[in-house]
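Below is one structure; the comments refer to it alone.
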Amino acid sequence: MLNFEQAYSSAEHHIYSRPNKVALLRNHINYIAEYIYSVYLSYPEKSLDEIIDFIYDDFENSSKVPLINPFIHYSSIRYEACKYLINNPSKVDELLETIKVKGLKDTRTNKDDPNIVPKGFSGDFEESLLYFALYEKSDFDTYLSEFSEEEIDFVKTHIDVLRKNLGGIPYVTRMFLEKSIPLVVGSYSKRFRAYLEQNEAKYEKELKRSLATSISSLAKTLDKYGLLQSSCDSYNIQMEELGMPELSIPENSSKNNPNLLSLLSEGYLVGLPLEQLLLLNHFYINRISKEFEKIKDGLFVIEDLNLYDDIIAKKGNNVGYSIDSDTIYEELLKMQVLQMAANDYYAQMPNDLSELANTLEADSTVRHSSILANARKLWNKKYVDTFYPDIPLEDRKKYLSYDLSFYLNLHDPIYASYVYKDHSSTAIMAHLLHSKKLVNWGYIPEFNPYGENTISTGNKFILIGVDCEGLNRPVFTHEISSKLRDFFTTYTEKPLIPIYEGMEDFTAPEHIQSKHPSAYANTDILKNNIIAPFSVKHKKFIKSAKKLEISQASASRLISHIEFLRCHSNFPAHLKTATQNPDTGELTFSKPNRFVALDTGEFYEELNGELIPLQNISLSSKGVLKTDDTERI
């Protein structure tokens with residue numbers, strides 16, 4: 001643990017580098033104050049103390065939501081590993097040899113229990129592949145052992161005859177032979193891959209069900225705090241301002257136009273394609289982690305300053321604005337200092353989702369005892385002298401313990417959601433390796449004032465965009481750059497990923513930016529308030545909107561890109577590049593194949609199977625990519 005002076009200095013630097021933190025914390029206090037007052041009105045029979053206990057208990061229970069299905073990572077990696085090995089026979093041979101040479105054994109305690117997560121299914125895809133192969137091999141060998149020698153000999157002896165005459169064999173026998181022939185004939189590696197192919201559909205179905213449950217649970221949690229509908233309201237306002245109110249999502253459902261909670265319900269989601277579910281889950285776990293941060297900050301300050309009576313007196317309105325800036329700054333410093341101690345605590349927490357779920361079930365007093373004792377030993381006097389200088393000496397011992405324990409309780413849901421997001425990132429990357437349905441995804445270049453992009457400058461995070469057919473917006477998330485680099489270096493010939501095409505299509509028009517200056521202070525890109533599947537009504541409007549005469553070029557590009565999201569066969573014409581046939585001079589237009597190197601940040605374009613370095617690539621404005629001084633519009 002850092003000494004107190006180091007932690008305090010780091011906290012000051014963190015807040016100084018984010019000058020909008022004071023204003024943001026006011027907003028978080030205002031939001032939570034309104035929520036507390038709404039709960040107070042909903043339970044007139046409860047005292048204020050009972051309401052406070054209810055709210056904190058309810059938020060603590062929210063920490064379990066990201067872990068409601070801790071085996072979803074197992075389902076995700078199992079499916080992605082299965083798909084990857086089916087497509088990569090050489091990797092199967094490599095893993096089978098590793099298992100043989102190292103003498104690895106199946107360590108599951110109960111092979112019939114699908115909730116037993118095998119050791120090794122981690123955020124490391126390489127390790128997960130090995131353990132997946134190990135456990136699938138064990139299951140395959142068990143399956144083969146159930147064949148009698150007579151059955152195997154019969155299949156092998158009559159293989160050619162059976163393959164030619166399966167149509168004339170009774171149905172039950174034919175089904176047995178169709179399934180069995182690939183598993184008992186050929187090399188072990190080939191038969192093992194056939195076994196994986198037969199399990200692929202089952203694993204996909206299980207994964208879709210797990211994802212549908214996860215997304216629905218995340219949506220319900222956001223809805224409980226009023227965050228789902230408020231996000232939907234912001235999205236609908238945006239659609240109105242863009243002149244496309246037909247794409248708004250209603251508050252009340254109808255058959256062809258469901259509301260957002262219905263679109264994100266388990267029953268609706270389970271029928272969607274896997275790509276949509278993976279990206280929806282990734283978006284909403286990323287979203288809930290940010291919302292948990294806001295709730296945590298607001299609750300901490302309200303408790304620390306004992307603002308409950310003020311909340312009731314003001315009926316939840318503008319409570320944050322009644323607090324002076326010095327006090328807000330002091331609260332920011334205190335929380336950031338506590339975060340320094342929390343970092344040590346979370347560094348010891350398990351990264352496995354099922355283990356983390358079990359850990360968070362334990363009594364928080366027991367879980368926090370070690371870090372509290374360490375903090376008291378190293379920080380207590382200086383912490384209290386700094387933040388509670390007027391407290392009598394005999395009362396000082398409890399303050400650091402109370403603050404840190406309370407902070408950790410509030411931060412547990414955030415930590416759980418970030419662990420979940422990290423595992424979700426692994427599943428998304430693995431899916432990108434073999435998906436033929438995600439045709440426009442990749443790195444979104446962001447540049448500093450010196451023209452250096454986020455990869456070449458070694459930024460911890462880089463921005464990734466993914467277009468998914470059937471979802472109303474691209475999914476934009478910041479991912480850990482080192483993890484992306486290591487992953488694609490391991491599983492592709494070169495550490496290259498595509499460049500996302502069309503970020504500029506979602507540039508907010510000037511009238512929207514001027515109307516919402518704070519929202520667009522750091523970016524020109526339209527806010528992704530929500531991601532949702534298109535309804536029938538939305539799809540009908542998009543098809544008709546393509547035929548309309550649209551005066552603004554930017555609006556035309558936006559509609560074209562949304563039409564592409566509706567149907568991936570309609571790649572936007574304005575994003576295509578022209579290639580001239582050297583013999584005939586004929587021009588053909590197609591999606592550009594542009595890439596970025598994850599180790600150097602250098603850009604390339606693939607032409608005739610050859611990678612050509614791109615020069616002078618930059619952003620002319622937020623999200624508008626330029627190549628060789630020619631703006632791509």
Side-chain angles (χ1 to χ4, degrees), residues 20 24 222 227-249 260 263 276 279-280 282-284 286-287 290-291 440-447 462-478 499-535 538-539 541-542 545-546 548 550-566 570-572 574-575 619-626 631-633:
N20 62 338
L24 287 175
L222 289 169
L227 295 165
L228 196 67
Q229 189 55 50
S230 64
S231 296
C232 191
D233 292 343
S234 298
Y235 170 78
N236 289 343
I237 290 171
Q238 187 185 90
M239 292 301 99
E240 290 276 353
E241 293 172 343
L242 288 169
M244 295 183 286
E246 294 86 351
L247 287 180
S248 62
I249 297 176
L260 186 55
L263 287 169
Q276 289 189 32
L279 288 164
L280 282 169
H282 197 55
F283 175 83
Y284 281 102
N286 186 55
R287 177 65 187 279
K290 292 177 170 56
E291 299 300 346
N440 186 37
W441 67 272
Y443 173 60
I444 297 172
E446 298 176 293
F447 295 89
I462 61 174
L463 185 59
I464 298 294
V466 184
D467 283 345
C468 182
E469 185 175 71
L471 297 184
N472 67 323
R473 282 287 177 83
V475 176
F476 301 136
T477 57
H478 280 94
I499 293 174
Y500 176 81
E501 301 292 344
M503 180 73 162
E504 64 271 23
D505 298 342
F506 296 91
T507 303
E510 288 186 8
H511 72 278
I512 291 182
Q513 292 188 44
S514 60
K515 192 172 182 179
H516 308 282
S518 61
Y520 292 96
N522 299 316
T523 179
D524 297 341
I525 301 302
L526 289 167
K527 296 298 180 183
N528 262 13
N529 305 103
I530 57 170
I531 302 289
F534 285 123
S535 68
H538 296 154
K539 291 178 181 179
F541 167 73
I542 295 165
K546 279 289 291 179
L548 298 176
I550 300 176
S551 58
Q552 289 182 318
S554 60
S556 178
R557 292 195 296 268
L558 177 60
I559 286 290
S560 292
H561 206 126
I562 294 176
E563 162 65 7
F564 172 63
L565 291 172
R566 182 192 72 83
N570 300 321
F571 190 79
H574 65 276
L575 295 178
L619 286 184
S620 60
S621 62
K622 285 288 183 180
V624 183
L625 197 62
K626 296 179 69 177
E631 186 171 316
R632 184 185 298 280
I633 58 174

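Of all non-hydrogen atoms in Asn472 and Ala532, the two that sit nearest each other are OD1-N, 2.8 Å. Heavy atoms only, all atoms of each residue included: Ser560 and Pro572 are closest at O-CG, 3.9 Å. Counting all heavy atoms, side chain and backbone alike, Glu240 lies closest to Pro245 at OE2-CB, 3.5 Å. Residue His511 comes nearest to Glu241 through the heavy atom pair NE2-O, 2.8 Å, listed as atom of the first residue, atom of the second, then distance. Scanning all heavy atoms of the two residues, the minimum distance from Ile531 to Tyr284 falls at O-OH, 2.7 Å. Across every non-hydrogen atom of Gln513 and Ala508, the tightest pair is NE2-O, 2.7 Å.
Shown here is Glu510, whose CD atom has no more than 12 heavy atoms of other residues, nucleotides or ligands within 6.0 Å.
Side-chain contact between Glu501 and Asp467: absent, with no pair of heavy atoms (C-beta onward) separated by less than 4.5 Å. When side chains are defined from C-beta on, Asn20 does not count as touching Ser518, because their heavy atoms never get closer than 4.5 Å. Looking at Ile559 and Met244, their side chains come closer than 4.5 Å, going by heavy atoms from C-beta outward. Side-chain contact check for Trp441 versus Val475: every heavy-atom pair is 4.5 Å or farther apart. Leu222 is not listed as a side-chain neighbour of Gln229, based on a closest heavy-atom distance of 4.5 Å or more. Put simply, the side chain of Phe506 does not reach to within 4.5 Å of the side chain of Asn528, judged on heavy atoms. The shortest side-chain heavy-atom distance between Asn236 and Leu247 does not fall under the 4.5 Å cut-off.
Partners of Glu469 under the side chain to side chain contact (heavy atoms under 4.5 Å, CB included) rule, at least two apart in sequence or in another chain, are Cys567, His568. Not a single side chain to side chain donor-acceptor pair (under 3.5 Å) links Ser248 to another residue, sequence neighbours left out.
Residues Tyr500 and Phe476 place their aromatic rings such that the two centres sit under 6.0 Å apart.
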Verdict with supporting geometry, Glu446 and His478, side chain to side chain contact (heavy atoms under 4.5 Å, CB included): CA-CA 11 Å; Glu446 298 176 293; His478 280 94; 3.5 Å; yes

CA sep, side-chain torsions, deciding dist, call: Ser231, Arg287, side chain to side chain donor-acceptor pair (under 3.5 Å): CA-CA 11 Å; Ser231 296; Arg287 177 65 187 279; 2.2 Å; yes

Test log, rule side chain to side chain contact (heavy atoms under 4.5 Å, CB included), inputs His561 and Asn440: CA-CA 11 Å; His561 206 126; Asn440 186 37; 4.3 Å; yes

Pair Leu463-Met503, side chain to side chain contact (heavy atoms under 4.5 Å, CB included): steps then yes or no: CA-CA 11 Å; Leu463 185 59; Met503 180 73 162; 4.0 Å; yes

Evaluation steps, side chain to side chain contact (heavy atoms under 4.5 Å, CB included), between Ile237 and Ser234: CA-CA 5 Å; Ile237 290 171; Ser234 298; 5.6 Å; no

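Rounding to the nearest 0.5 Å gives a distance of 5.5 Å between CG of Leu242 and CG of Leu526. Taking CG of Asp505 as the start and CD1 of Ile562 as the end, the distance is 9.5 Å to the nearest 0.5 Å. The line from CG of Leu565 to NZ of Lys539 is 12.0 Å long, rounded to the nearest 0.5 Å. Remark: Thr507 OG1 to Ile512 CD1 distance equals 11.0 Å, nearest 0.5 Å. Separation of atoms CG (Asn529) and CG (Leu228) is listed at 11.5 Å; rounding is to 0.5 Å. Note that the CG atom of Leu575 and the CZ atom of Phe571 stand 5.0 Å from one another [nearest 0.5 Å].
Counting only residues at least two apart or in different chains, salt bridge (Lys or Arg N to Asp or Glu O under 4.0 Å) contacts with residues 229-238 are absent.
Side-chain contact of Asn570 with Glu563: a donor-acceptor pair under 3.5 Å is present, judged by distance alone.
Under a cutoff of 6.0 Å and an axis angle of 45°, Lys527 and Tyr520 form a cation-pi pair.
Note: His538 and Phe534 have perpendicular aromatic rings, judged against thresholds of 30 and 60 degrees for the angle between ring planes.
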